Amino acid sequence: MGIIAWIVLGLIAGLIAKALMPGKDPGGCIITILLGVAGAFVGGWVGKTLFHTQLGTFFDLRTWGLAILGALIILAGYRLIFHRRD
């Protein structure tokens, strides 16, 4: 995938992850893109390690599922580390 595809994948995967786990999270568009791109890397690692599958092409459903799964893992980890009780 090219750089534009990674950015689009990151934005959409980050938005879906934030929609599935609503709450107060910092960041705007750039952070959401970074969340999704990092989620694709984490999801690719999880897919390779646990499910013996890898990221496919941009239009492959497996790629999107793993990217969203990875973004959810990162978002959950962020909330566990930086959770503040008021």
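Just so we're clear, the structure is a prediction, and the values are computed from it rather than from any experiment. Below, each value reflects all heavy atoms present in this structure, side chains not excepted, and no hydrogens, waters or symmetry copies.
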Minimum heavy-atom distance Gly36-Ala13, with the two atoms named: CA-CB, 4.3 Å
Co-membership, hydrophobic cluster, residues Ile31 and Phe82, 4.5 Å side-chain: no
Heavy-atom pair with the smallest gap, counting every atom of Pro22 and Ala19: CD-O, 3.6 Å
Aromatic plane relationship, Phe41 with Trp6 - under 30° parallel, 30 to 60° tilted, over 60° perpendicular: parallel
Side-chain (Arg79) to main-chain (Met21) donor-acceptor, under 3.5 angstrom: yes
Minimum heavy-atom distance Leu11-Cys29, with the two atoms named: CD1-SG, 4.0 Å
Same cluster (ILVMFWY, side-chain, under 4.5 Å), Val8 and Leu61: no
Euclidean distance, Ile4 CD1 relative to Leu9 CG, rounded to 0.5 Å: 12.5 Å
Leu80-Ile73 co-clustered via ILVMFWY side chain contacts under 4.5 Å: no
Greater than 12 external heavy atoms within 6.0 Å of Leu50's CG: yes
Distance, nearest 0.5 Å, that separates CG of Leu75 from CD1 of Ile68: 12.5 Å
Close side-chain approach of Thr63 to Thr57, heavy-atom, < 4.5 Å: no
Trp45 side chain vs Gly70 backbone, donor-acceptor pair below 3.5 Å: no
Leu34-Ile7 co-clustered via ILVMFWY side chain contacts under 4.5 Å: no
Ile16 vs Leu72 side-chain heavy atoms within contact, under 4.5 Å: no
Donor + acceptor pair across side chains of Thr32, Lys18 (<3.5 Å): yes
Approximate separation, where rounding is to 0.5 Å, of Ile30 CD1 and Leu35 CG: 13.0 Å
Reported CG-to-OG1 distance for the pair Asp60 and Thr53, which is rounded to 0.5 angstrom: 8.0 Å
Rounded distance [0.5 Å steps], CZ in Phe58 versus CH2 in Trp64: 4.0 Å
